[in-house]
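Working notes, beginning with the structure itself.
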There are 2 protein chains.
Amino acid sequence: MRVQRIGKANPAEDEAVYQAILRALLEGKLKAGTKLAETPLAAIFGVSRERIRKVLHRLGAERRLEMIPNRGARVPRPTLDDIRRVYEAHRVLEAGVLSQLVLRVDEVLLAQLDTHLEEERAAARRGDRAASVRLSGAFHVHLVEALGNPELSRILADLLSRSSVMVSVYEPAAQSICAVDEHGAIVAALRDRDLMRAIAVSREHFLHVEGRLRLDEAAASESEDLAAIFTPVKPLRRKPRSAQS
Amino acid sequence: MRVQRIGKANPAEDEAVYQAILRALLEGKLKAGTKLAETPLAAIFGVSRERIRKVLHRLGAERRLEMIPNRGARVPRPTLDDIRRVYEAHRVLEAGVLSQLVLRVDEVLLAQLDTHLEEERAAARRGDRAASVRLSGAFHVHLVEALGNPELSRILADLLSRSSVMVSVYEPAAQSICAVDEHGAIVAALRDRDLMRAIAVSREHFLHVEGRLRLDEAAASESEDLAAIFTPVKPLRRKPRSAQS
DNA sequence: CCTCCAAAAAATGTGCACATTATGCACCGC
DNA sequence: GCGGTGCATAATGTGCACATTTTTTGGAGG
């Protein structure tokens with residue numbers, strides 16, 4: 001008699017594994033170039049290999065992993081040019097957002113942005129680097145979301161998530177990503193409904209960030225301890241046979 | 001003895017099925033709301049159900065199909081608001097593209113655009129509606145590609161492909177999507193390096209197109225003849241048992 | 001010592017059998 | 001007649017057993 005639990009429909013498992021890997025990816029715990037083999041991951045998460053496989057392919061379709069036929073999944077190792085392109089895309093998109101935003105700014109939005117700027121300054125004053133980085137990205141998210149277009153928000157979120165992975169590779173110290181006063185200048189231009197200035201400031205801002213990118217090839221890493229990376233996540237299902245310390 | 005051909009590695013099959021469905025989707029042959037069941041598709045294409053399944057999920061990840069757990073794949077039925085959002089995203093993106101383009105236009109690019117405009121006019125003169133629609137979309141593609149940023153080109157291609165599916169639902173006659181002179185006005189503004197005018201013209205252009213959208217709810221359709229839609233594609237592999245006319 | 005090649009080992013890809021979930025339909029009580 | 005209920009049927013989801021491909025290993029030859 002086989003007590004195997006097969007076909008147990010549990011969509012939550014898919015999602016949990018997906019979120020776990022995505023989170024590790026976004027937090028930079030998975031270094032660029034790391035091979036994500038199916039079997040070890042299945043053992044780590046305590047789920048079947050097919051499930052891992054599905055998640056991996058999904059992440060590949062979203063361009064968050066690099067899938068090579070018959071060779072498995074790897075964390076992408078973006079070129080410096082790749083990163084520049086992502087930044088440029090972000091810059092171009094934000095220019096478009098600003099062009100639309102000057103037509104519909106109101107005091108409510110300006111007040112919200114001012115509040116955000118204040119938070120950024122506060123984080124900078126108390127030297128909270130993590131918060132600074134997070135708020136800095138949030139500023140740009142705030143701008144697109146002001147347009148209320150989910151499509152645009154999604155595109156930006158995509159670009160941002162990509163670049164956050166990238167800075168973990170190329171920004172050695174990850175110091176203050178965005179200077180607050182540059183953000184302030186954008187808001188000021190927005191307040192004046194001055195599109196040309198807003199675009200120019202935003203452009204300078206991005207070029208500034210791009211200029212700080214450094215090629216840190218030394219990071220060979222290949223962090224081989226996949227288990228350690230995912231251990232904080234409790235196993236979703238006990239492996240039926242063996243495979244436990 | 002089983003002569004089953006299992007595990008026959010043939011990545012081309014995946015791609016062929018993917019392209020076939022995607023093409024049908026882009027050409028509007030698959031009406032909105034149509035259910036894409038796995039088993040019939042497997043029979044039509046002459047491949048295993050797993051292969052269809054994989055392709056369907058991939059298309060779902062790309063948001064080209066709507067996947068509902070345990071209920072299969074359906075051709076998305078976009079709201080009029082959905083479409084407006086896609087158009088707005090395109091418009092915003094193009095504004096950004098233009099803001100970047102005015103900084104680096106040269107005679108070569110302007111000449112290329114002029115050539116393209118001439119093609120559009122020729123198509124319009126001879127009443128070639130299909131060519132007009134195609135060239136009209138190509139104009140906007142041309143603009144982003146001038147920036148040489150694959151990331152941006154991909155984003156635009158994504159938006160365009162989505163909206164082409166949509167117009168097939170909501171544009172009853174699918175008459176001249178973009179007036180050529182509006183495209184010409186954009187090029188003219190670009191030639192003058194007049195960003196504000198270029199953005200304004202582009203904006204008007206898109207609002208014009210958006211304004212033409214009509215809600216054509218009558219299209220209940222549910223085109224049940226999936227086989228007929230995909231028949232032009234020759235079966236990739238003969239089904240081993242039965243299932244042949 | 002290095003290079004090249006063959007065989008073993010490991011990892012990925014695929015068809016299939018079956019579990020699970022949804023759907024259609026006849027039946028029954030009200 | 002009508003709405004809900006239970007069963008039969010169809011469709012989707014999943015584990016598993018392999019096939020295929022890639023990578024590693026281990027020598028033999030130069």
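For clarity, every value in this text was computed on a predicted model and none was experimentally measured. So that the names make sense, note that chain A is the first sequence line, chain B the second, and so on, each numbered from 1.
Contact between the side-chain N/O atoms of B:Ser48 and the OP1/OP2 oxygens of C:dG15 is found at a separation under 4.0 Å. At least one side-chain nitrogen or oxygen of A:Lys54 sits closer than 4.0 Å to the OP1 or OP2 atom of D:dT14. Close to C:dT12, at under 4.0 Å from its OP1 or OP2, lies no side-chain N or O of A:His57.
Closest heavy-atom contact between B:Val55 and B:Asp14: CG2-O, 3.8 Å. Among all heavy-atom pairs drawn from B:His116 and B:Ala138, the shortest one is CE1-CB, 3.6 Å.
Comparing D:dG13, D:dT14, C:dG15 by their nearest atom to the side chain of B:Arg51 picks out C:dG15.
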Polar pairs (N or O, both sides) under 3.5 Å between protein and nucleotides 10-12 of chain D?
| from | atom 1 | to | atom 2 | distance (Å) |
| --- | --- | --- | --- | --- |
| D:dT12 | OP2 | B:Glu38 | N | 3.2 |

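A cation-pi arrangement is present between B:Arg58 and B:Tyr18 under the rule of less than 6.0 angstrom and at most 45 degrees off the ring axis.
In this structure, B:Glu50 atom CD and D:dC16 atom C1' are separated by 12 Å, rounded to whole Å. In this structure, B:Ile52 atom CD1 and C:dG15 atom P are separated by 11 Å, rounded to whole Å.
In terms of the salt bridge (Lys or Arg N to Asp or Glu O under 4.0 Å) criterion, A:Arg71 has no residue partners (sequence neighbours excluded).
B:Asp158 has no carboxylate O lying under 4.0 Å from a charged side-chain N of B:Arg154, or vice versa, which leaves the two without a salt bridge. With respect to the salt-bridge test (charged N to carboxylate O, under 4.0 angstrom), the residues B:Arg85 and A:Glu151 do not qualify.
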